[in-house]
Amino acid sequence: MIRLGWRLTVNGGRESAVRLVVTAAAVALGVGLLLISLAGVHALNAQNHRTAWLDSGDRFGPQLNPPAGPATGGDALWWQHSLDHYGTLTIDRVDVAPTGPHPLALPGIPAIPGPGQFYVSPALARLLRSAPRAELGDRFPGVEIGMVGRSALPAPNSLLVVVGHRTADLSANPRSVVVPAITTQPGHGAGGWDANKLQTILAVGALALLFPVLIFIGTATRLAAARREERFAAMRLVGATPRQVSTVAAVEASVAAFAGVLVGFGVFLLLRPVLTNVPFTGAPFAAGDLALTPADIALAALGVPAAAALAARVALRRVQISPLGVSRRVTPAAPRRWRLVPVLIGVAELAAFVVVGPPSSTGGQLLGYFSGCLLVMIGLVVAGPWFTMLGARIMARRTSRPATLIAGRRLADNPRGAFRAISGLILALFSTSVSVGVITTFGAYHGGASNGATRNTLVARFTGPAPVPSHLTGATVLHQVGDLPPVYVVSCSELVHTPAIGRCPPGEAAVTIAANLFLNDVNSQTRLARTTWPAAAVAVQDLPVGGVVVETDGKKGAVER
């Protein structure tokens with residue numbers, strides 16, 4: 001029967017050829033997108049493991065004294081990780097100083113830089129050579145002594161510098177921490193994106209792509225269904241068993257699926273060089289990041305054709321009734337309300353994450369969101385006929401037009417068949433809606449809010465013992481009150497020169513600013529510029545300096561200097 005199914009597939013005339021091409025194209029598109037999603041998960045994982053060491057300082061709070069004795073792998077380091085900017089570019093800066101003679105080793109560099117020395121990434125080295133020294137080079141004191149290797153960079157174009165200091169100098173910085181070990185497990189990836197969330201999105205996206213592939217296979221299998229059902233019914237009349245008929249249908253679907261899988265791999269290999277340069281996390285992937293594991297290849301090469309054979313068998317189950325099953329077309333039983341159960345369970349599981357929060361581990365999040373989205377997608381397919389029947393009955397009950405009444409009655413008689421024709425579209429709309437919602441939400445949380453305004457106001461955190469002259473024109477000194485939440489007291493005589501961070505009530509000498517200015521893109525068009533702050537209850541001279549805000553003319557050279 002397998003040989004007969006093969007002959008009917010390749011020698012079935014134009015109709016069979018069209019059906020084969022359409023099925024293979026649907027499978028190729030789905031498999032290509034599926035492989036891209038799976039490779040994206042691995043690329044994201046590889047990228048974040050390369051930069052996990054940058055999160056070392058986030059795992060330890062500020063400490064006044066280093067831990068007693070050497071840490072695992074070497075003596076602890078005084079550490080401060082900060083972000084700098086040059087134009088629209090972001091620079092990762094790591095300031096380090098040893099606490100003992102055998103300091104911890106950092107990835108990508110042969111040794112900890114000494115005072116007055118620093119390592120830079122290749123991209124930053126090129127930028128330092130091309131940019132005016134007064135605008136960029138003067139920020140890094142000392143001499144460049146080498147390059148940071150690729151094993152410590154998220155992308156080839158990453159800008160990163162590791163600056164060495166004397167222990168006494170860096171330990172006096174109140175924002176420095178003691179790092180007893182270098183982190184190897186990723187927390188936040190390049191650009192501040194949460195690696196766990198991105199892996200969850202890609203994993204669920206791979207699932208979302210797999211379902212439409214199976215729906216398209218089933219739809220393509222039903223092309224010219226009447227002709228094929230008559231052929232299969234004729235085979236039953238001459239003695240073919242239901243299993244033999246199913247084998248023929250499965251062979252036809254499997255041949256198309258195997259051809260589609262091969263083309264899908266070709267689509268993936270063709271698009272991989274282009275996708276490597278897409279800054280999905282804010283930085284492009286390195287060469288080799290978008291790779292597939294043997295399990296991924298086996299899933300696509302074996303799993304998709306097997307699923308195609310199953311989908312074909314389900315699509316043609318009507319010929320299993322009897323040799324005359326095709327002509328015995330009766331009105332099927334109406335769908336029951338139990339079909340709503342899977343989708344309700346899936347929605348309830350996802351809603352529970354909103355109320356109680358998702359699992360803390362990456363594996364738990366993947367399992368939770370994966371199962372929730374899987375239940376919702378299965379529920380949409382299962383509950384679709386019931387919703388179609390409900391809508392058709394409402395339409396037939398409320399209409400006064402004969403054509404609409406007839407259409408509603410026909411839909412209500414066979415809601416399964418009606419929904420089957422659009423089920424793939426329903427899942428595609430669901431996947432698109434979820435993707436757009438997630439992407440726009442991430443953009444809202446991580447995107448800037450400059451509204452196109454020229455950045456002419458800069459906010460710098462004050463971390464050193466050197467005095468900050470408060471009489472500078474266009475400068476406002478931030479006097480800090482506590483640590484969290486950030487609260488600053490500023491002089492109104494200074495605030496008038498930096499209107500981008502707000503204004504004072506008439507007649508007041510100082511005001512309290514309750515906003516984390518270091519997390520905002522400050523310019524004259526933000527909400528801060530329209531805020532009138534309340535009067536301060538404490539004098540500015542009684543508080544330590546926490547930062548400085550400088551107003552410029554907005555020209556690139558002035559901003560960078």
Flag the pair Leu136 / Phe140 as yes when at least one side-chain heavy-atom distance between them is below 4.5 Å, and no otherwise.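 Answer yes - side chains close enough.
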
Please report the shortest heavy-atom distance between Pro122 and Met147, naming the atom on each side.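 That would be CA-SD, 3.9 Å.
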
What heavy-atom pair brings Ala286 and Pro156 nearest, and what distance separates the two atoms?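 Smallest heavy-atom distance, with atoms named: CA-CD, 4.2 Å.
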
Heavy-atom pair of closest approach, residues Leu54 and His81: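 Smallest interatomic distance, heavy atoms only, reads O-ND1, 3.4 Å.
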
Check against side chain to side chain contact (heavy atoms under 4.5 Å, CB included), Leu275 and Arg272: CA-CA 5 Å; Leu275 295 172; Arg272 184 168 63 171; 5.7 Å; no

Do Pro98 and Thr167 come within less than 4.5 Å of each other through their side chains, counting heavy atoms only?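 They are in contact (side-chain heavy atoms under 4.5 Å apart), so the answer is yes.
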
Say you draw a straight line from CE of Met377 to CG of Leu375; how long is it, rounded to the nearest 0.5 Å?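 Here the interatomic distance stands at 11.5 Å.
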
Report yes if some heavy atom in the side chain of Val162 is under 4.5 Å from a heavy atom in the side chain of Leu106; otherwise report no.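 Contact flag for Val162/Leu106 side chains = yes.
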
Using 0.5 Å steps for rounding, measure from the NE2 atom of His165 to the OG atom of Ser171.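 Nearest 0.5 Å value for the NE2-OG distance: 11.5 Å.
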
Might you work through the side chain to side chain contact (heavy atoms under 4.5 Å, CB included) test for Val143 and Phe118, ending with a clear yes or no? CA-CA 6 Å; Val143 180; Phe118 60 87; 5.6 Å; no

Pairwise distance CZ(Arg93) to CG(Leu83) - rounded to 0.5 angstrom: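 The CZ atom of Arg93 sits 12.0 Å away from the CG atom of Leu83.
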
Side-chain touch Leu153/Val148, heavy atoms, less than 4.5 angstrom: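 Heavy-atom side-chain distance check passes, below 4.5 Å.
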
Are Arg139 and Asp84 side-chain neighbours, meaning at least one heavy-atom pair lies under 4.5 Å?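 A side-chain contact exists here, since the closest heavy-atom pair is under 4.5 Å.
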
Could you grab the distance from atom CG of Leu77 to atom CG of Asp95, nearest 0.5 Å is fine?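 Taking CG in Leu77 and CG in Asp95, the distance rounds to 12.0 Å.
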
Partners of Leu270 by side chain to side chain contact (heavy atoms under 4.5 Å, CB included), sequence neighbours excluded?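 Here no residue qualifies.
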
Okay, side chain of Glu135, backbone of Pro132: is any donor-acceptor separation there less than 3.5 Å?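 Such a contact is absent between Glu135 side chain and Pro132 backbone.
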
Could you walk me through whether Val178 and Trp78 pass the side chain to side chain contact (heavy atoms under 4.5 Å, CB included) test, one step at a time? CA-CA 5 Å; Val178 174; Trp78 281 103; 3.5 Å; yes

Nearest-0.5 Å distance, CG of residue Asn157 to CG of residue Leu124: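 Asn157 CG to Leu124 CG: 11.5 Å, rounded to 0.5 Å.
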
Quick one: does any side-chain atom of Ser176 pair with a main-chain N or O of Ala172 as donor and acceptor, under 3.5 Å?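 No, Ser176 side chain to Ala172 backbone: no donor-acceptor pair under 3.5 Å.
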
Of all heavy-atom pairs between Ala152 and Pro107, which one has the smallest distance, and what is that distance?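 Here Ala152 and Pro107 meet closest at CB-O, 3.3 Å.
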
With a 4.5 Å limit on heavy-atom distance, are the side chains of Trp53 and Val94 in contact?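 The answer is yes, as the side chains (C-beta and beyond) meet within the 4.5 Å cut-off.
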
For the residue pair His102 and Asp75, confirm or rule out a side-chain donor-acceptor distance under 3.5 Å.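 No, no side-chain donor-acceptor pair sits under 3.5 Å.
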
About how many Å separate CG of Leu104 and OG1 of Thr99, when rounded to the nearest 0.5 Å?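 CG of Leu104 is found 7.5 Å from OG1 of Thr99.
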
Close side-chain approach of Thr276 and Asp289, heavy atoms under 4.5 Å: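 Answer no - side chains too far apart.
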
Is a donor on one side and an acceptor on the other found under 3.5 Å between the side chain of Asp296 and the backbone of Leu292?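 No, the answer is negative, given that no donor and acceptor are paired below the 3.5 Å cut-off.
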
If every non-hydrogen atom of Leu159 is compared with every non-hydrogen atom of Thr90, which pair is closest and at what distance?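 That would be CB-O, 3.6 Å.
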
Ignoring hydrogens and geometry, is there a side-chain-to-backbone donor-acceptor pair from Ser121 to Ser158 under 3.5 Å?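 Answer holds: yes.
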
Could you tell me whether the side chain of Arg50 and the main chain of Ser151 form a donor-acceptor pair under 3.5 Å?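 Checked: no pair found.
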
For Thr183, does its backbone N or O pair with a side-chain atom of Ser56 as donor and acceptor, under 3.5 Å?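 Yes: the side chain of Ser56 pairs with the backbone of Thr183.
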
Heavy-atom closest contact (Ala131 atom, Tyr86 atom, distance):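 Closest pair (atom of Ala131, atom of Tyr86, distance): CB-OH, 3.4 Å.
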
Are any non-hydrogen side-chain atoms of Asp92 and Val161 less than 4.5 angstrom apart?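 Side chain of Asp92 against side chain of Val161, heavy atoms only: no contact under 4.5 Å found.
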
Check the pair Val347, Ile345 against side chain to side chain contact (heavy atoms under 4.5 Å, CB included), reporting the backbone distance first and the verdict last. CA-CA 6 Å; Val347 172; Ile345 294 177; over 6 Å; no

